[in-house]
Number of protein chains: 2
Amino acid sequence: MTYLHEKFSGCLYVAKIDPIRRAEIGREKRARTRAQLVAAANSLFARQAVESVTVDDVVKEAGVAKGTFYVHFDSLEAVTAAVAEELVRSFDELLQPGRGSLTDPALKIAFGCYSFIDKALKDPLWASVVARLAAAAPKGGEIARRRLFEDLQQFSKALPDDGVSAELKLEIVVGIMLQILRALGEGRLSSIDRDAAISAILRAIGLNAQEAKSVLMRLPATPMSDNSSRSATK
Amino acid sequence: MTYLHEKFSGCLYVAKIDPIRRAEIGREKRARTRAQLVAAANSLFARQAVESVTVDDVVKEAGVAKGTFYVHFDSLEAVTAAVAEELVRSFDELLQPGRGSLTDPALKIAFGCYSFIDKALKDPLWASVVARLAAAAPKGGEIARRRLFEDLQQFSKALPDDGVSAELKLEIVVGIMLQILRALGEGRLSSIDRDAAISAILRAIGLNAQEAKSVLMRLPATPMSDNSSRSATK
DNA sequence: TCTCATATTGACGTGAAGGTCGAATTGACA
DNA sequence: TGTCAATTCGACCTTCACGTCAATATGAGA
């Protein structure tokens with residue numbers, strides 16, 4: 001019986017399921033392991049410098065074997081990029097609901113900055129990771145940069161020329177935001193006034209105190225729901 | 001003859017010069033080698049990330065043997081700190097002549113920022129090194145930070161409260177400056193308008209456009225001599 | 001229960017970087 | 001020119017992280 005079965009199945013009958021189905025089966029397990037690795041890297045980046053993290057660190061943190069790492073990623077840069085991508089994606093998602101309704105460029109910019117700082121204040125680990133990745137993997141945030149730049153161009157058009165190019169404004173806004181992030185991550189500025197920070201940014205890019213205040217008041221209330229308990233890993 | 005001489009000198013006569021004199025003799029050679037190592041590290045930091053520089057890189061660049069490195073420094077961090085210290089010292093020196101005469105805090109701040117950006121524009125290698133070290137060895141710039149903070153406190157006192165703490169202002173100014181440095185080092189912003197940048201900074205910390213312009217006009221002309229040919233290594 | 005594609009494992013080879021130390025060099029002095 | 005202390009040299013050892021791969025485990029379908 002066994003013999004017959006083996007011969008039968010081995011030569012003609014079994015062996016070919018559906019290759020597409022096969023891939024589907026693997027996908028879930030595969031995706032879970034990959035997510036574990038990304039989460040582990042994220043978690044490590046919250047604790048130590050990006051450059052000091054090793055493959056061994058990541059696999060240990062993720063609880064998988066070293067070989068598994070290389071099934072999912074070519075190198076540390078690859079997993080770092082994945083972490084950055086996930087961070088950008090998730091923040092973007094967070095922004096969508098509020099952002100859609102805004103048309104005034106100044107408001108869009110203020111809203112984005114406000115949400116960013118708000119998130120950083122509520123989730124210091126997130127702040128640490130973003131600050132470190134911004135330095136180590138600037139590639140990741142490029143999309144966000146581009147969007148901000150477009151808003152700034154629009155914004156500049158609707159303003160009497162103040163001699164500050166949109167390119168310079170971009171660097172100024174990004175510089176302020178990243179520095180605040182770093183400061184939060186390093187324990188300086190344990191609690192700052194979001195409004196004050198946004199106001200400074202708006203004034204730096206050309207609004208006067210009056211206008212900045214007006215923009216602040218027109219900001220959608222509580223730009224993000226305050227479920228601050230979730231860790232940076234999510 | 002040889003025998004007598006050896007015995008004579010070896011036992012009684014020679015052997016003890018003056019230990020203080022000895023040290024003096026070595027000092028010059030020693031200092032030169034140390035300076036070579038610091039210059040080599042500086043030069044490497046202008047080309048590649050601080051963390052990617054190895055001891056072998058440094059000694060190769062300096063043209064000395066590995067063992068020599070460890071005579072002068074305990075580790076890469078030590079030589080990195082030395083580079084940072086030298087950078088701060090030399091910039092400070094550059095600032096002294098113009099800074100002495102200034103009493104208005106806004107003017108002091110503007111002058112410092114202007115000189116900084118000016119230097120960065122004239123010496124992109126310097127900009128790269130400072131930008132990288134600011135991220136990798138924040139310890140080094142602490143003195144500069146402290147001085148800027150004091151100026152900002154004075155500045156804030158003489159201003160109607162705008163809700164922005166001096167601590168936050170410090171991060172804002174530093175953030176803008178470092179980001180401009182990074183942008184220059186990475187080729188974005190190949191040439192920016194110094195006045196525009198300073199104006200943005202002044203407005204961010206509470207001045208209105210009018211006042212910012214006034215401060216800019218009161219800046220000492222050509223804050224630094226423009227011998228821009230010297231490389232970042234010096 | 002058996003089979004097979006897929007995913008996972010971890011021991012291992014390789015090379016690069018850190019750090020050491022006895023030998024060699026240098027140069028002021030007698 | 002010989003001596004000695006200070007400096008420099010570079011071969012060598014050690015550690016550690018990278019990346020590989022043959023062996024093993026998993027689990028859906030027959």
Side-chain angles (χ1 to χ4, degrees), chain A residues 1-37 44 48 50-80, chain B residues 1-37 44 48 50-80:
Chain A
M1 171 181 139
T2 302
Y3 170 75
L4 267 179
H5 175 64
E6 273 180 336
K7 176 147 208 187
F8 185 61
S9 61
C11 295
L12 295 175
Y13 200 73
V14 181
K16 296 285 146 58
I17 306 182
D18 181 356
I20 297 172
R21 174 77 185 110
R22 279 287 184 202
E24 240 174 63
I25 290 169
R27 199 155 298 163
E28 189 190 348
K29 185 196 293 186
R30 196 181 164 76
R32 203 171 50 241
T33 305
R34 199 192 126 103
Q36 272 175 40
L37 286 165
L44 287 167
Q48 48 187 285
V50 173
E51 307 78 24
S52 77
V53 172
T54 69
V55 174
D56 290 288
D57 289 339
V58 174
V59 298
K60 185 180 168 191
E61 179 82 14
V64 301
K66 196 171 198 173
T68 304
F69 177 91
Y70 287 98
V71 170
H72 294 276
F73 299 101
D74 282 345
S75 64
L76 271 178
E77 283 78 53
V79 73
T80 304
Chain B
M1 170 180 132
T2 303
Y3 171 76
L4 267 181
H5 175 63
E6 274 180 339
K7 178 149 211 188
F8 185 61
S9 61
C11 294
L12 294 176
Y13 200 72
V14 181
K16 295 287 145 59
I17 305 183
D18 181 356
I20 297 171
R21 175 76 185 111
R22 279 285 185 203
E24 239 174 64
I25 290 168
R27 198 155 300 163
E28 189 191 347
K29 185 196 292 185
R30 195 180 165 76
R32 201 171 53 241
T33 305
R34 199 192 126 101
Q36 272 175 40
L37 286 165
L44 287 168
Q48 48 186 288
V50 173
E51 308 78 22
S52 76
V53 172
T54 70
V55 174
D56 290 289
D57 289 339
V58 175
V59 298
K60 186 180 168 191
E61 179 82 14
V64 302
K66 197 170 194 173
T68 305
F69 177 92
Y70 286 98
V71 171
H72 293 276
F73 300 100
D74 282 345
S75 64
L76 271 178
E77 284 77 54
V79 74
T80 303

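Numbers restart at 1 for each chain; the letters A, B, ... are given by sequence-line order, proteins then strands.
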| Any idea which of D/dT20, C/dT20, C/dA7 is nearest the A/Arg30 side chain? | C/dA7
| said: Starting the side chain at C-beta, find the nucleotide from D/dT8, C/dG18, D/dC18 nearest to B/His72. | reply: D/dT8
| message | Would you say that A/Val79 contacts A/Val55 through its side chain, given a criterion of any heavy-atom pair below 4.5 Å between the two side chains? | response | no
Quick one: [X] [atom1] to [N] [atom2], roughly how many Å, whole number?
| X | N | atom1 | atom2 | value |
| --- | --- | --- | --- | --- |
| A/Glu51 | D/dC16 | CD | P | 20 Å |
| B/Asp74 | C/dG18 | CG | C1' | 13 Å |
| B/Phe73 | D/dT8 | CZ | P | 12 Å |
| B/Tyr70 | C/dG19 | OH | C1' | 5 Å |
| A/Asp56 | D/dC18 | CG | P | 6 Å |
| B/Asp57 | C/dG19 | CG | P | 14 Å |
| A/Phe69 | D/dA17 | CZ | P | 14 Å |
| A/Lys60 | C/dT8 | NZ | P | 21 Å |

| message | To the nearest 0.5 Å, what is the distance between CZ on A/Arg32 and CD on A/Gln36? | response |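 So the CZ of A/Arg32 and the CD of A/Gln36 are separated by 7.0 Å.
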| field | Partner set under side-chain hydrogen bond (donor to acceptor under 3.5 Å, both in side chains) for B/Gln48, not counting sequence neighbours | value | B/Ser52
Return all side-chain donor-acceptor pairs below 3.5 angstrom for residues 66-74 of chain A, not counting sequence neighbours, or 'none' if the list is empty.
residue	atom	partner	partner atom	Å
A/Lys66	NZ	A/Asp56	OD1	3.2
A/Lys66	NZ	A/Asp56	OD2	3.2

| message | Let's go through B/Val58 and B/Val64 carefully: what are the C-alpha distance in whole Å and the side-chain angles of both, what is the deciding distance for side chain to side chain contact (heavy atoms under 4.5 Å, CB included) to 0.1 Å, and is it a yes or a no? | response | CA-CA 9 Å; B/Val58 175; B/Val64 302; over 6 Å; no
Atom pairs, protein N/O to nucleotides 9-15 of chain D N/O, distance under 3.5 Å:
residue	atom	partner	partner atom	Å
D/dC9	OP2	B/Ala65	N	3.1
D/dC9	OP2	B/Thr68	OG1	2.9
D/dG10	N7	B/Gly67	N	3.4
D/dG10	O6	B/Gly67	N	3.2

| field | Residue among B/Val53, B/Leu44, B/Leu37 satisfying side-chain contact (heavy atoms from CB on, under 4.5 Å) with B/Glu61 | value | B/Leu44
